[in-house]
Amino acid sequence: MSAQPTTAMSTADAARVETVLRQLTPKWTTHFVHTIAKYGPAMRVRDVAHYHPAVSQSYVSKRLATMADAHLVDRDATFDYSAPYRLSARARTLGPLYRAVAQWSSEHLDRAPQGRSDRIEDALHRLQLVDTTEVVRLLSEHGSMRVTHLGERVSVSEQLISTRLNRMQADGLVTRTGPRHGDPYTLTDAGRALAPVYATVQQWDTRHSGASPTLVPAATRSLATGADPMRTAAALRRSPAPTGLFSHAPAAQPRVPAAVTAASHPSHGRCPP
C-alpha cells in the first residue's frame, strides 16, 4: 500500500484549528446545521424553531445570524427577515468533521451526552479554549512539560497557563504525572487521540480557505521536520487518520474519572427527540 502524505501542524496551524473550532462551538450550532440538512434545504427561522421548542424563536434568529457571520448558513435575501436560511458550501461538508468529533467523544470521554448533536457540541466545547491545541501540540512533542515551560512556549503568564491546564485536566485532555503541584503535565489517552480530529479540521478548513499545508512523508510516521524544534502532532490528510502520529512513544495514562470531567463542564441543553 502506498504511503499517504501527512500534514505537519505548526503553531500557526494550531491557531487556525482553534479558530475553526470556535466558529462551530456556539450552543445549538450543531443542532441547527443538522436540522437544516435534514428538513431543508431552506428553512425560515420559525421553521427551525419548530424543531427546537426548548429555545425561543428570537434566540434561533440570533444564533442563525451568528452562523451566517461564520459563513455556515446563507440567506437568499439579506434584508428580508422572513427569507429562509440555507446551509453554506462550508456547512454542507461538515459531515466528516462531525463524525471525527463524535467518534473521539464516544471512544474517549467518560461523561458525554447521549444525543449525537449534544455529544458533538460537548466535545467542541472542550477543544475550543484558547491555546488548547497548542498545548496538545507541545505535549505531543515533548511527552510531558512543567507549567513554567508551557507558559513560556505559549507566551502567557504562569497563572494563566495554570488556569487553562486546570480546565484541560477537568475536560479530560491532560493530567499531571504526579500528585504535587509542580509535577509536569502530560496528555491523557483522550488528548493523544485528538490527531484524527485535528487532521479533519485542517482538511475542512483547507478545502474552503485554499490554504496549502506543508506535506511530509507518511512513511516516517514522525513529526520531525528537519532540525526545527517546533515539531508537533501531525495527522493524515486522508481520513481516517491514524492515532499514532506523535514522534515519541507515550506512556499509558490512567483514564480520567467521570467525576473529574463532570466537575468543570457546564451542562448543555438537549435537542428534543
Side-chain angles (χ1 to χ4, degrees), residues 8-26 101 104-105 108-111 121-195 197-199 201-202 205 223-225 228-235 245-266:
M9 183 185 288
S10 66
T11 299
D13 293 325
R16 282 178 56 202
V17 166
E18 286 183 4
T19 297
V20 172
L21 292 173
R22 282 193 291 273
Q23 290 174 348
L24 301 176
T25 296
V101 171
W104 173 77
S105 173
H108 298 285
L109 299 183
D110 282 323
R111 172 187 174 271
E121 290 198 349
D122 173 89
L124 291 172
H125 187 82
R126 296 169 190 254
L127 301 178
Q128 57 83 37
L129 185 69
V130 174
D131 295 326
T132 293
T133 310
E134 179 67 357
V135 169
V136 171
R137 190 187 77 82
L138 289 169
L139 291 179
S140 73
E141 174 190 353
H142 296 283
S144 64
M145 293 181 71
R146 297 184 184 277
V147 172
T148 301
H149 297 153
L150 280 168
E152 291 173 352
R153 296 295 294 271
V154 180
S155 300
V156 298
S157 68
E158 185 173 336
Q159 180 180 4
L160 183 55
I161 195 65
S162 294
T163 299
R164 292 175 181 171
L165 286 167
N166 286 339
R167 164 67 184 274
M168 290 178 67
Q169 184 172 16
D171 282 342
L173 305 180
V174 302
T175 186
R176 281 202 189 101
T177 56
R180 297 175 300 178
H181 179 73
D183 287 328
Y185 281 87
T186 189
L187 293 173
T188 62
D189 289 341
R192 288 194 298 273
L194 279 169
V197 175
Y198 289 155
V201 172
Q202 285 185 290
D205 183 55
L223 306 177
T225 53
D228 185 2
M230 295 298 288
R231 297 175 301 172
T232 186
L245 296 172
F246 302 136
S247 56
H248 65 285
Q253 295 295 328
R255 192 173 181 84
V256 179
V260 175
T261 59
S264 74
H265 193 67

Discussion item. With a 3.5 Å distance limit and no angle check, can you tell me whether S162 reaches the backbone of E158 through a side-chain donor-acceptor pair?
Written reply: yes
Response to the item:
Residues H108 and D189: closest non-hydrogen pair is ND1-O, 4.1 Å
Item to complete: Give, for atom CG of L109 and atom CG of D122, the distance between the pair rounded to the nearest 0.5 Å.
Response: 6.5 Å
Item to complete: Write down the atom of D183, the atom of G178, and the distance for their closest heavy-atom approach.
Response: OD2-C, 2.9 Å
Practice prompt. Tell me, please, which residues at least two apart from R22 pass salt bridge (charged side-chain N to carboxylate O under 4.0 Å, His left out).
Written response: E18
Worksheet entry | Worked verdict on L24 versus V201 for side-chain contact (heavy atoms from CB on, under 4.5 Å) | CA-CA 11 Å; L24 301 176; V201 172; over 6 Å; no
Worksheet item: Under 3.5 Å, is there a donor-acceptor pair linking the side chains of S10 and D13?
Response: yes
Discussion item. Please give me the minimum heavy-atom distance between V17 and Q202, naming the atom from each residue.
Written reply: CG2-CG, 3.8 Å
Worksheet item: Rounded to the nearest 0.5 Å, what separation is found between the OG1 atom of T132 and the CG atom of L127?
Response: 7.5 Å
Discussion item. So H149 and H142, do their side chains get closer than 4.5 Å, heavy atoms only?
Written reply: no
Item to complete: Output the distance between atom CZ (R192) and atom CG (L194), rounded to the nearest 0.5 Å.
Response: 11.0 Å
Discussion item. Main chain of L173, side chain of T188: is a donor-acceptor contact present, judged purely on distance under 3.5 Å?
Written reply: yes
Worksheet item: Would you call E134 and L138 a side-chain contact if the rule is heavy atoms closer than 4.5 Å?
Response: yes
Worksheet item: Which pair of heavy atoms, one from V101 and one from A123, lies closest together, and at what distance?
Response: CG1-CB, 3.4 Å
Worksheet item: Are D205 and T19 side-chain neighbours, meaning at least one heavy-atom pair lies under 4.5 Å?
Response: no
Item to complete: With sequence neighbours excluded, tell me which residues meet side-chain hydrogen bond (donor to acceptor under 3.5 Å, both in side chains) with Q128.
Response: none
Worksheet item: CZ/R176 to CG/N166 distance, rounded to the nearest 0.5 angstrom?
Response: 6.5 Å
Discussion item. Tell me every residue that passes side chain to side chain contact (heavy atoms under 4.5 Å, CB included) with I161, counting only those two or more places apart in sequence or in another chain.
Written reply: V135, V147, L150, V154, V156, L165
Worksheet entry | Closest contact, heavy atoms only, D171 versus R167 | OD2-NE, 2.5 Å
Worksheet item: Once you round to the nearest 0.5 Å, how far does OG1 of T133 lie from OH of Y198?
Response: 4.0 Å
Fill in: P184 vs M145 side-chain heavy atoms within contact, under 4.5 Å
no
Worksheet item: Hey, are the side chains of T186 and T175 touching, using non-hydrogen atoms and a 4.5 Å cut-off?
Response: yes
Worksheet item: Can you list the residues that meet the side chain to side chain contact (heavy atoms under 4.5 Å, CB included) rule with S155, with sequence neighbours excluded?
Response: none
